[in-house]
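Take a look at the structure below.
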Amino acid sequence: MKRLLLLLLALLLPISALAEVTLPASVTEVEDEAFADTAIDALIFPASVKRLGADVLRGSGASYIYLQGASTVLTNGGGAAFVFGPASSPAASLGSFYDAATLVTHEGLHYTVTDTALPLCAKAPASLSGSVTIPKLLKGAPVTSVDKLYLSATHVTEVRVPAYLGQVAGMNTTAYQTMFLTGPQPDAAEITLGRTVTWTAEITGAYGEVSYTWLFEQDGVSEALTTADPTVAYTPRSDGLCTVTVTARDALGDTASATGGQLTVTAPQPVYRALLVGNSYDGEAIELNGPAADLSAMRTMLGSMSGTPYKLSTVRNSSAAGIQSAIASSFSGAKDTDVSLFYFSGHGTPKGELVGTGDTLMSVYSLRSALQQVPGLKIVLLDCCYSGSAISRAAASPSAFNGAIISALSSASRSSENLKDAGFVVLTACRQDQMSVSVGENSQNMFGAFTYGLCYGSGYDAWQKAALGRLPADSNGDGAITLNEAYRGVKERIAYLNTIMPVEQAIQSWGDAGQVLWRR
């Protein structure tokens with residue numbers, strides 16, 4: 001049996017200058033401390049070697065011992081940082097042992113790759129210098145730690161590691177980003193409020209399951225959503241500019257963030273619809289002269305309000321059932337953002353009923369039920385006798401209203417007083433105990449005093465059939481007529497009429513006083 005000790009004595013000086021040594025196949029046994037205190041970085045032992053003595057590389061700072069045979073006995077760790085060999089090797093019980101079949105060399109470093117990839121040491125330490133980069137994935141396996149990395153005898157000055165690993169103790173590590181997000185981008189650059197938009201981000205470098213946290217911001221208000229996909233459907237809460245930042249986190253704890261393109265959200269434009277009903281009761285015993293002219297005046301006045309472009313529907317001489325049907329058809333398709341105006345000129349009863357042709361009656365509750373089917377704001381204008389009954393069964397002052405109409409127009413419960421929440425504003429010609437007066441020069445030119453005052457305050461003189469060129473009721477000059485301005489405008493015109501003829505009717509209103517009825 002040849003003794004390696006004799007070989008070592010013969011080759012000691014050359015060996016001390018080598019970084020990695022592969023012993024010849026003729027060697028069968030290595031003595032204790034055979035290569036102690038040498039400059040050898042790694043020793044590769046052929047399968048012919050049956051036994052290695054204790055501490056063969058003591059004090060050398062060697063990176064690894066590589067056992068090519070499955071039967072080589074290694075007395076202890078041998079003095080190297082790692083031991084590589086077949087899985088069946090007697091050395092497999094050592095804590096520093098790694099199955100050679102799992103070894104992968106990448107950019108000069110040995111890794112053991114199983115379910116994860118663990119960097120171990122340099123393959124040729126003396127030749128490795130400068131910066132080395134640890135990948136996030138190697139052969140499809142993630143790098144989850146670099147704690148075992150051994151770089152003795154190398155000239156490495158920097159180790160670049162994936163950012164999710166953080167700083168590594170004892171190493172000059174530099175973190176780098178391994179996962180990247182692009183976007184996210186919305187499927188539209190501008191939308192109207194109420195629409196849902198889909199944001200999509202693109203991701204590279206992720207491992208395993210990924211969660212996405214989306215942070216939406218509008219006017220200083222933030223809202224976060226979490227998804228398992230790089231897409232999210234989001235409905236902005238208000239108009240204005242909407243931005244989103246998405247942060248992705250994969251199964252390794254790796255993160256990446258990106259801010260998306262800006263989304264402009266505009267408030268939806270309301271659709272304005274108006275149903276104007278005028279009942280003259282032609283040929284009936286209760287025939288009236290004014291409603292036809294009232295209808296024409298309202299149509300002209302509303303048609304001049306370009307800021308609230310009402311789609312006008314007019315109905316003349318309709319039964320109660322016809323009025324109910326007209327409400328359904330005229331306001332069909334209304335949304336929560338729309339405005340629906342109902343105007344009636346004709347007879348009314350002391351119970352607040354609207355009188356249809358053919359002796360038919362439409363109760364306040366029937367009116368309420370029909371209008372409650374219409375989404376959005378409802379404006380109710382009633383120019384008929386006893387119309388105040390639709391607001392209060394008891395006598396009321398011109399500025400205080402409660403009771404029947406509140407109950408009627410807000411819910412089926414007669415005790416409810418929540419008309420505003422139900423989306424109604426109401427303006428009536430008179431109190432529950434008053435008649436609605438018609439004014440004019442003769443039977444061919446008659447108007448309801450209420451309608452005349454309403455149109456006059458809004459810039460149209462129905463009596464003279466002429467535009468005024470101004471809005472007398474527009475107290476703040478903003479071109480809009482609110483419920484309160486309409487109320488005061490009619491009241492002032494009634495006061496003027498009273499200087500010419502007796503007109504005893506007190507206008508009634510209910511609802512948000514600042515609600516705009518129409519606008520130039």
Side-chain angles (χ1 to χ4, degrees), residues 278-280 286-298 300-302 343-350 352 354-355 379-401 405 425-476 481-511 513 517-518:
N279 275 0
S280 301
I286 57 172
E287 186 172 354
L288 291 173
N289 293 323
D294 289 341
L295 212 58
S296 177
M298 286 294 295
T300 300
M301 183 274 288
L302 287 176
Y343 167 86
F344 177 79
S345 175
H347 281 301
T349 75
L354 307 184
V355 179
I379 298 171
V380 180
L381 309 174
L382 303 178
D383 191 354
C384 55
C385 295
Y386 314 111
S387 53
S389 293
I391 291 176
S392 175
R393 292 296 178 87
S397 67
S399 60
F401 309 100
I405 188 63
V425 294
V426 184
L427 195 62
T428 68
C430 57
R431 294 199 311 257
Q432 58 87 29
D433 58 345
Q434 291 180 322
M435 304 287 283
S436 176
V437 178
S438 293
V439 295
E441 298 173 337
N442 51 60
S443 61
Q444 302 304 313
N445 192 27
M446 298 290 290
F447 300 90
F450 168 80
T451 301
Y452 167 67
L454 190 62
C455 291
Y456 191 92
S458 300
Y460 179 68
D461 187 340
W463 208 323
Q464 302 299 325
K465 294 183 174 57
L468 298 175
R470 58 190 178 89
L471 303 178
D474 183 14
S475 58
N476 62 0
I481 301 298
T482 65
L483 176 63
N484 186 57
E485 287 174 331
Y487 168 79
R488 292 184 178 278
V490 176
K491 186 177 178 182
E492 289 174 4
R493 204 59 188 168
I494 295 293
Y496 165 76
L497 289 175
N498 264 306
T499 66
I500 303 173
M501 66 191 77
V503 180
E504 296 183 4
Q505 57 187 81
I507 312 307
Q508 311 283 284
S509 71
W510 194 95
L517 305 184
W518 40 77

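Computed from a predicted structure; not experimentally measured.
- Of the inter-residue distances, the one linking Leu288 atom CG with Ser345 atom OG reads 7.5 Å to the nearest 0.5 angstrom.
- The side-chain contact (heavy atoms from CB on, under 4.5 Å) test applied to Thr349 returns Lys351, Glu353, Val355, Leu361, not counting sequence neighbours.
- Formation of a donor-acceptor pair under 3.5 Å by the Gln505 side chain with backbone atoms of Ala429 is found in this model.
- Open room surrounds CD on Glu504; 12 or fewer heavy atoms of other groups in view lie less than 6.0 Å from it.
- Atom CZ of Arg493 and atom OG1 of Thr451 lie 14.0 Å apart (nearest 0.5 Å).
- One N or O on the side chain of Asp294 and one on the backbone of Gly448 form a donor-acceptor pair closer than 3.5 Å.
- Of all the heavy atoms in Ser509 and Leu483, the pair that sits closest is CB-CD1, 4.3 Å.
- Side-chain contact between Pro472 and Tyr456 is present, with heavy atoms from C-beta onward closer than 4.5 Å.
- Closest heavy-atom contact between Ala473 and Gly489: CB-CA, 4.0 Å.
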For residues 460-469, run the donor-acceptor check on the side chains, cut-off 3.5 Å, and write out each pair with its distance to 0.1 Å, sequence neighbours left out.
| residue | atom | partner | partner atom | Å |
| --- | --- | --- | --- | --- |
| Asp461 | OD1 | Trp463 | N | 3.0 |
| Asp461 | OD1 | Gln464 | N | 3.1 |
| Lys465 | NZ | Asn445 | OD1 | 3.4 |

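- Counting only distance, with no hydrogens or angles, the side chain of Ser387 and the backbone of Asp383 share no donor-acceptor pair below 3.5 Å.
- Heavy-atom minimum distance, Cys384 versus Gly348: CB-N, 3.8 Å.
- Atoms CZ and CG, on Phe447 and Asn289 in that order, are 11.5 Å from each other to the nearest 0.5 Å.
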Practice task
Kindly indicate, with the supporting measurements, whether the criterion side-chain contact (heavy atoms from CB on, under 4.5 Å) is fulfilled by Val439 and Ile500.
Solution key: CA-CA 10 Å; Val439 295; Ile500 303 173; over 6 Å; no
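- Contact between Gln508 and Cys430 at its shortest, heavy atoms only, is CG-O, 3.3 Å.
- Taken to the nearest 0.5 Å, the CD1 atom of Ile507 stands 8.5 Å off from the CD atom of Gln434.
- Between Cys455 and Met298, some side-chain heavy-atom pair lies under the 4.5 Å cut-off.
- With hydrogens and angles ignored, the 3.5 Å screen pairs a side-chain donor or acceptor of Asn498 with a backbone N or O of Val503.
- The shortest non-hydrogen separation linking Leu427 to Ala486 is CD2-CB, 4.0 Å.
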Handout entry: Check against side-chain contact (heavy atoms from CB on, under 4.5 Å), Val380 and Phe344
Key = CA-CA 8 Å; Val380 180; Phe344 177 79; over 6 Å; no
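- Between Cys385 and Met435 there is a side-chain heavy-atom pair separated by less than 4.5 Å.
- Using a 4.5 Å heavy-atom threshold, the side chains of Val437 and Ile494 count as separate.
- Between atom CZ of residue Phe450 and atom NZ of residue Lys491 there is a gap of 14.5 Å, rounded to the nearest 0.5 Å.
- Using a 4.5 Å heavy-atom cutoff, the side chains of Leu497 and Tyr452 are in contact.
- Taking both residues in full, the closest heavy atoms of Pro291 and Asn279 are given as CG-O, 3.2 Å, listed atom of the first, atom of the second, then distance.
- Annotation: the span from Leu354 atom CG to Tyr386 atom OH amounts to 14.5 Å, rounded to 0.5 Å.
- Using a 4.5 Å heavy-atom threshold, the side chains of Asp474 and Glu485 count as touching.
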